Amino acid sequence: MPRLTLPAPADYLLKRDFCSYGYFLLFPNHWDPRRQLFSRVLSLSGGPVHIEVTQPNGRGTPIAVQLGRALTKAERNEAVHQLTRMLRLDDTSENIRAFHSLDPRWKRLGRARLMRSPTLFEDVIKTVTSCNVSWPNTVNMNRRLCETLGDVVEGPEGTAFSFPSAAKIARTRSQTLRARCRVGYRDARIVQLARLFSIAPKCGGIDQSWLEDPATPDEAVFEFLIDLPGIGPYAAANIMQLMGRYRRLPLDTESVRHGRTLLGYKGTSAHVMKQVHRHYAPFGDHAFRSYWFELWEFYESKHGRSWTWERDSTGKMFTAALLSKT
DNA sequence: GGTAGACCTGGACGC
DNA sequence: GCGTCCAGGTCTACC
């Protein structure tokens with residue numbers, strides 16, 4: 001079986017750093033808690049490939065990737081690029097030290113990295129499918145998007161699907177998305193986003209290199225994102241944290257619950273949100289990481305360490321009704 | 001600039 | 001098992 005090996009930073013721990021953000025539970029990602037193995041289908045220029053990712057020798061040792069088929073040199077580079085993005089292997093130790101010096105609570109556990117998708121497009125669509133719905137519904141939308149529009153691959157444990165490409169969704173009728181993927185009123189917005197991602201910047205498409213360039217100011221990125229269909233202030237801030245821009249907080253009803261129950265703030269939702277913003281402002285460029293790891297610790301206090309969670313049974317763990325029972 | 005209401009799905013609840 | 005209510009962020013119309 002073809003393999004790929006990725007060097008890991010000295011502090012990298014796959015189970016902790018991969019199971020660090022809710023998207024690790026969304027299709028086509030699959031974390032196997034028993035084998036401590038992450039698998040999914042990656043979309044490469046030569047077609048889809050099923051991968052299995054482990055860190056056999058633990059913290060700081062290389063990441064082993066089992067490939068479902070042989071890759072060309074160009075495809076290997078693409079796979080490395082996508083996995084590096086996804087696992088945040090490129091988050092520098094200076095950056096992580098800066099976070100830990102601002103918020104030392106997470107130094108002992110080594111928490112700093114937040115997993116994300118192999119592409120910005122997948123992160124954007126996952127964010128849209130997480131707005132204005134309960135978590136189990138988000139899980140279903142992503143599963144149906146993959147099963148309906150993704151490329152099919154035979155993996156070691158049966159049929160697996162890729163996340164659909166922007167080009168594929170751009171060619172799909174919005175009614176199909178609504179009827180078969182159950183995305184509701186998000187249908188046309190998802191198709192519009194896919195079109196913007198699948199055409200060249202000079203033809204009116206999204207200039208991803210400008211958007212992901214660290215030199216582009218936060219404010220410019222935010223203004224650009226909230227002009228996109230289906231993207232409001234919450235979604236834009238969430239996409240920004242997925243891009244590694246942690247200063248702006250994506251606050252939602254879950255943040256209000258956190259502000260009330262754990263931080264002790266009182267008053268209207270709008271008032272609590274303002275207090276939460278103020279609470280994390282001292283963490284500056286790392287505000288979201290401080291906020292998120294507090295939330296994550298709360299979830300783990302209820303359900304055990306995230307790397308023990310099963311994708312197919314965690315949906316109901318994150319309903320508002322259950323989370324409000326502190 | 002601020003606010004009300006529609007959008008759509010699925011879970012919770014009452015019967 | 002069925003019907004009703006409600007949660008959730010974005011968008012538009014309106015003031």
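Any value given below was found using the heavy atoms of this structure, including those in side chains, with hydrogens, waters and symmetry copies removed. To find a chain, count down the sequence lines: A is the first, B the second, and so on, and within it residues start at 1. As the structure is a prediction and not an experimental result, all values here were calculated from the model.
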Cation-pi check, Arg248(A) to Phe222(A): give yes when NZ or CZ is under 6.0 Å from the six-membered ring centre and within 45° of the ring axis, no otherwise. yes

Is the phosphate of dG9(C) approached by Thr253(A) (side-chain N or O, under 4.0 Å from OP1 or OP2)? yes

Inset, instruction - Establish, with yes or no, whether the OP1 or OP2 oxygen of dG10(B) is under 4.0 angstrom from a side-chain nitrogen or oxygen of Arg144(A). - result: yes

Inset, instruction - Return yes if a side-chain donor-acceptor contact under 3.5 Å exists between Ser306(A) and Glu300(A), otherwise no. - result: yes

Examine the side chains of Thr84(A) and Asp90(A) and answer whether a donor and an acceptor come within less than 3.5 Å of each other.
no

What is the distance from [atom1] of [X] to [atom2] of [N], rounded to the nearest Å?
X         : N       : atom1 : atom2 : answer
Asp187(A) : dA6(B)  : CG    : C1'   : 15 Å
Asp227(A) : dC11(C) : CG    : P     : 10 Å
Arg257(A) : dA7(C)  : CZ    : P     : 16 Å
Asp252(A) : dT10(C) : CG    : C1'   : 13 Å
Arg189(A) : dT10(C) : CZ    : P     : 10 Å
Arg182(A) : dC8(B)  : CZ    : P     : 12 Å
Tyr185(A) : dG9(C)  : OH    : P     : 9 Å
Leu225(A) : dC11(C) : CG    : P     : 12 Å

*Do Ile206(A) and Met240(A) belong together in a cluster built from hydrophobic side chains that touch within less than 4.5 Å?*
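Hydrophobic grouping puts Ile206(A) with Met240(A).
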
*asked:* Using the rule side-chain hydrogen bond (donor to acceptor under 3.5 Å, both in side chains), only one of Asp123(A), Asn29(A), Thr127(A) pairs with Tyr23(A); which is it?
replied: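 It is Thr127(A); the other options fail the test.
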
| query | According to the ring pair (Phe, Tyr, Trp, His ring centres under 6.0 Å) rule, which pairs have a member within residues 142-187 of chain A, sequence neighbours left out? | reply |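 Not a single pair qualifies under ring pair (Phe, Tyr, Trp, His ring centres under 6.0 Å).
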
So the ring pair (Phe, Tyr, Trp, His ring centres under 6.0 Å) pairs with at least one residue in residues 237-268 of chain A (sequence neighbours excluded) are none

In numerical order, the residues of residues 228-236 of chain A whose heavy atoms come under 4.0 Å of DNA chain C are Leu228(A), Pro229(A), Gly230(A), Ile231(A), Gly232(A), Pro233(A), Tyr234(A), Ala235(A)

If you assign Asn132(A) and Asn137(A) each to the DNA chain B nucleotide with the nearest heavy atom, which residue ends up on the more 5' nucleotide?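 First, find each residue's nearest nucleotide; the 5'-ward one identifies Asn132(A).
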
Quiz item: Which nucleotide in the list dG9(C), dC8(B), dG11(B) gets nearest to the side chain of Arg178(A)?
Solution: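 It is dC8(B).
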
